[in-house]
2 protein chains.
Amino acid sequence: MTGVTTAAAEPDPAEKPRRARGEQTRQLILETALRLFRERGYTETTMRAIAKEAGVAVGNAYYYFDSKEHLIQGFYDRNQVAHRVAAESVLTTEKELAPRLRGVLHAGIDVNEPYHSFAATFFKSAAEPTSPLSPFSKESSPAREAAIAIFRDVVDGSTAKLDPELRKELPELLWLGWMGVILFWVYDKSPGQRRTRRLIDGAVPLIDRMVSLSRLRVLRPALRQVLALIETVRKDD
Amino acid sequence: MTGVTTAAAEPDPAEKPRRARGEQTRQLILETALRLFRERGYTETTMRAIAKEAGVAVGNAYYYFDSKEHLIQGFYDRNQVAHRVAAESVLTTEKELAPRLRGVLHAGIDVNEPYHSFAATFFKSAAEPTSPLSPFSKESSPAREAAIAIFRDVVDGSTAKLDPELRKELPELLWLGWMGVILFWVYDKSPGQRRTRRLIDGAVPLIDRMVSLSRLRVLRPALRQVLALIETVRKDD
DNA sequence: CCCACGACTTGAACATGTTCAAGTGGTGTG
DNA sequence: CACACCACTTGAACATGTTCAAGTCGTGGG
């Protein structure tokens, strides 16, 4: 917008011949910001505080990040990677669909747990459809794809037998469900967010059962109907 | 919070002995704000502009509304009532579950349609869990109950035969689904939001079918499982 | 070696949501 | 009728995200 460095960030190091110094400052600002967010919360952390703490001018932060919200993207990306790592062990150990899914979901909550108190605060940023932080936005596309890939792994690495059509759609559906869990989690005020844990433990067997049932003859038309709906809705414009 | 008039608003006229003048000013400010929101969008409308246009001081707006976001609650309540009215005709005409539900959902979109462009802008306000504007918040409880009541009407006024347990839970589940539709609608950039219409037309028969199927013996355990999950998750803390 | 370019940095200025101490005026009471 | 109370109103002051014109400085080309 302002002819300034795009927010594409880390996963794209082959852009302009960025001098090393610049990247260093960028990281410094990001680190500082995330630390302050963790320590004081998102709203309570002012851009001035971030700049001061990082030892730069406030305008400098805006040279690297289009807005305060854009700093969250860093958090976003980081957690995505952490989720992948945390899910690793279950995905190599378990072979059945249910425990694989359960493990991945719990791992996701584990990873986010330390940030629950302020995740809620900046969650609103992600909710705005026009925001680049929205999980459905173009800018979030890489992170989204990476997240969906985890669920593809959950499905493909499992022994579950299922309709090929469903198999194709399931990862994205599970990701959507995961978004729902996150939404629930953000609103969850129970101690340790145990309601979210209960939700996961209750929903996984249910999903597992429904996936099994979907092979029943009586349910065949229903399944086709579901898949047709997805198809219809997905078509843009 | 500031010992100031609570935001309970219109549905509670039997509060403090509010002088007529006050209520008048309150309405004036609200009308002006909603008009400007519609004309220029939410973000582009400044509190100063609202005050100026309404011919009052900016501080006066804050005497009646705790924040700019609180002005949205007015919009919220109003649309709730409009939805009820718009749904009336289908609910008296149709007797089958599917068309009743379909009619109510389409009516809801109809009512919101004129505000789509800026609904997205302030949607973020509603998304923040701590915000009184959240559909799950205590403050939204009356509006939420009213909305659920519509869906209770959809179910109870229909000829559909269903498990009594499910019957009890269905209205709230349908409301939750409605929230999902709204979420989809907010993100829907297709012309006239036709994808949302397609979603409704596709999902309603599906729900109808699933409700019917739920009476099948094979699916009995699955239904029980669903209901048990709801029960478990609902328990606070 | 010098210079020009452009990446990088600065901090004051700006826009806007919000607060607050100081009124203003109508009304019920002595 | 005068007074005190209190609902209501005011606008300047404040906090904070964001912008921008003006630097600073290292580096590659002449």
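- The separation between B:Lys68 atom NZ and C:dG17 atom C1' is 8 Å, rounded to whole Å.
- Looking at the side chain of A:Val58, the nearest of the listed nucleotides D:dT19, D:dC8, D:dG17 is D:dT19.
- A straight line from CG of B:Asn60 to C1' of D:dA12 spans 16 Å, rounded to a whole angstrom.
- A sub-4.0 Å separation between OP1 or OP2 of D:dT19 and a side-chain N or O of A:Tyr62 is absent.
- When atom types are taken as modelled, the side chain of B:Thr32 and the backbone of B:Ala54 share no donor-acceptor pair closer than 3.5 angstrom.
- Counting to the nearest Å, the C1' atom of D:dT18 and the CD1 atom of A:Ile50 are 13 Å from each other.
- For B:Phe75 and B:Phe37, the gap between ring centers reaches or exceeds 6.0 Å.
- Considering only side-chain N and O atoms, A:Tyr63 lies under 4.0 angstrom from the phosphate OP1 or OP2 of C:dC8.
- Using a 4.0 Å cut-off, some side-chain N or O of A:Thr25 falls inside it from OP1 or OP2 of C:dT9.
- Residue-to-nucleotide proximity on DNA chain D shows that, of A:Gly59 and A:Thr45, the 5′-proximal contact is made by A:Thr45.
- When distances run from any side-chain atom of B:Met47 to the nucleotides D:dG17, C:dC8, C:dT18, the shortest one goes to C:dT18.
- When heavy atoms are screened at a 4.0 angstrom cut-off, A:Val56 is found touching the sugar-phosphate backbone but no base atom.
- In this structure, A:Trp175 has its ring center closer than 6.0 angstrom to the ring center of A:Phe136.
- For the pair A:Glu44 CD and D:dG17 C1', the computed distance is 15 Å after rounding to whole Å.
- Rounded to an integer number of Å, the gap from A:Tyr42 OH to D:dT16 P is 14 Å.
- Phosphate proximity of D:dA15 to A:Thr46: absent, as no side-chain N or O sits under 4.0 Å from OP1 or OP2.
- Ring geometry, B:Phe151 versus B:Trp178: the interplanar angle falls from 30° to 60°, so the pair is classed tilted.
- The nearest whole Å value for the distance from the NE2 atom in A:His70 to the P atom in D:dG17 is 16 Å.
- Within the model, atoms CZ of B:Arg198 and CG of B:Asp201 stand 10.0 Å from one another, a figure rounded to the nearest 0.5 Å.
- Rounded to a whole Å, the NZ atom of B:Lys52 is 15 Å from the P atom of C:dG17.
- Regarding A:Phe65, its CZ atom lies at a distance of 15 Å from the P atom of D:dG17, rounded to whole Å.
- Residues A:Arg48 and A:Ala61 each lie close to DNA chain C; by heavy-atom proximity, the contact nearer the 5' end of the strand is made by A:Ala61.
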